[in-house]
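Treat the numbers as computed from the prediction; the structure is a model and nothing was measured. Order of appearance sets the numbers: ligands from 1, and atoms from 1 within every ligand. Sequence positions, counted from 1, serve as the residue numbers for this chain.
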Amino acid sequence: MRIVSVKQGIAPIASDIANAYIDFSKMTASIVAVTVEGEGGRRATGYGFNSNGRYAQPGLLAERFVPRLTEATEAQITGPDGRLNPQGAWAAMMKNEKPGGHGERSVAVGVLDMALWDAAAKLEGLPLWRLLADRYNGGQADEAAWVYAAGGYYYPGKGVDALVEEMKRYLGMGYATVKMKIGGAPGTALADALAEDIERIEAVVKLLGGDGSKLAVDVNGRFDLPAALAYAAALEPMGLRWYEEPLDPLDYSTHATLAEHYGPPIATGENLFSMLDARNLIRHGGLRPDRDILQMDPALSYGLCEYLRTLDMLAAHGWSRRRCVPHGGHQFALSIAVGLGLGGNESYPEVFAPFGGFADDVPVVEGRVAMPDIPGVGFEAKNKLFEVFKGLG
Ligand SMILES: O=C([O-])CC(=O)C(=O)O
Ligand SMILES: [Mg+2]
């Protein structure tokens, strides 16, 4: 096994949308192509990108992680079974990195990790979901994953009617559960912002036939505890699917306080970038394994190698994998959800193209989507995304 080449680039993922914390006017993503040569000179190229919400990491990749991967020895990247060993490659990339302070190196490593798993599955001629089910899930893969349509972004001039129309389109595409942004009214007093959001939420719940359990709301970490509690009191009777990132993602004890006051599900984790950060949430965040949702995104958080450690940690703390619904709406997390039996995956029907979304021609049926049966993550079955990767040469 040897790394033949690693290429990196930057792709724009900018748009006019905004959540309660950031706009995406300058958003970028790193893309990589890692070519590996296996037994008998057989080559496979794996591709990776860093999901959305963190910017491209060209400097970290060029200065540290690509050179370490390129210089990794055959012994480091080959498993005892002679197969490509992403865990060994991961360890080589993380040599001389101190613990803690994960910053955005987890994003740079996550991009390369995705490409390594794509290559590993291609070298074995297997879809990644099948490889994962065989290696880590007793051979059991789900036939399809539960997915929900994430959108409801703030957009210049967008009112309640446009929001409802957007959600109607998602239902027409086969989604049964939708998600919208809240908490984003700029400079508004809490009581006014809450009143405005309740009007937006009620309009969407009405579209959903009055069933709040088909709607999740996402604050993107904007609230302090008083605001989170005021919203919690107003949202609780609506029985929403979940209340997402109500608080700063690293402020665990405020989550614990909120969980004492809000009965329905809370979701968080998309901005936790390591197993240890996730463990701190589980230890100190007061979250409830019977209902709350964990959204760590493998692409942003050191990749699948780290995500496997996170799943082990969760199991040790009595959390089922079914409580995990990764952020990011991408095929890598979807492969993981299907292969490892997670609770499902996010989906972005109208934003973050071409990185969001799954294989072309695979429909969403009653809120579930299947994976294509082709080797690797399945990028080759997603034309517009594959065009971007091909640009790497
Ligand atoms: O708006 C974003 O940054 C994305 C996000 O929170 C999500 O998909 O849950
Ligand atoms: Mg979110």
Chemist: Check all N, O or S atoms of Glu270 and name the one closest to the Mg ion (ligand 2).
Modeler: OE1
Chemist: Using heavy atoms and a threshold below 4.0 Å, how should the contact between Ile22 and ligand 1 be classified: side chain, backbone, both, or neither?
Modeler: neither
Chemist: Give a yes/no on ligand 1: does Tyr21 have at least one heavy atom closer than 4.0 angstrom to it?
Modeler: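 Flag not set, Tyr21 not near ligand 1.
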Chemist: Let me confirm one number: the CG-CD distance from Asp218 to Glu244, rounded to the nearest 0.5 Å.
Modeler: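 Reported value, rounded in 0.5 Å steps: 3.5 Å.
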Chemist: Applying the ring-ring contact (aromatic ring centres under 6.0 Å, His included) criterion to His330, which one of Tyr47, Phe49, Phe355 satisfies it?
Modeler: Phe49
Chemist: Quick check: of its N, O or S atoms, which one does Glu244 have closest to the Mg ion (ligand 2)?
Modeler: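 Looking at Glu244, the N, O or S atom with the least distance to the Mg ion (ligand 2) is OE2.
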Chemist: To the nearest 0.5 angstrom, please state how far the OG1 atom of Thr177 sits from the OH atom of Tyr170.
Modeler: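 Between Thr177 OG1 and Tyr170 OH, I get 13.5 Å after rounding to 0.5 Å.
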Chemist: If you have a sec, work out which protein heavy atom is nearest atom 4 (C) of ligand 1 and how many Å separate them, to one decimal?
Modeler: Tyr153 OH, 3.3 Å
Chemist: If hydrogens are left out, which of Glu244, Lys179, Glu346, Lys181 has an atom nearest to atom 5 (C) of ligand 1, that is, the closest non-hydrogen atom?
Modeler: Lys181
Chemist: Taking the six-membered ring where the residue is Trp, are the ring centres of Phe223 and Tyr231 under 6.0 Å apart?
Modeler: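 Ring-ring flag for Phe223/Tyr231: true, centres closer than 6.0 Å.
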Chemist: Side chain, backbone, both or neither: which part of Phe24 has a heavy atom under 4.0 Å from ligand 1?
Modeler: side chain
Chemist: Please list, in number order, the atoms of ligand 1 under 4.0 Å from a heavy atom of Tyr348.
Modeler: 4 (C), 7 (C), 8 (O)
Chemist: What N/O/S atom of Asp218 gets nearest to the Mg ion (ligand 2)?
Modeler: OD2
Chemist: Between Arg169 (side chain only) and Val164 (backbone N and O only), is there a donor and an acceptor less than 3.5 Å apart?
Modeler: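 Not at all, since once roles are kept as given, no pair shorter than 3.5 Å links the two residues.
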Chemist: Please say whether Asn19 places an N or O atom under 3.5 Å from an N or O atom belonging to ligand 1.
Modeler: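 It does: an N or O of Asn19 is found under 3.5 Å from an N or O of ligand 1.
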Chemist: Can you name the closest pair of heavy atoms from Ala121 and Pro127 and give their distance?
Modeler: CB-C, 4.3 Å
Chemist: Looking at Ala145 and Val338, what are the two nearest heavy atoms and their distance?
Modeler: CB-CG2, 3.9 Å
Chemist: Relative to the heavy atoms of Asn220, which atoms of ligand 1 are at a distance of less than 4.0 Å?
Modeler: 1 (O), 2 (C), 3 (O), 5 (C), 6 (O)
Chemist: Could you check whether any side-chain N or O of Tyr307 sits under 3.5 Å from a backbone N or O of Ser301, counting only pairs where one atom can act as donor and the other as acceptor?
Modeler: no
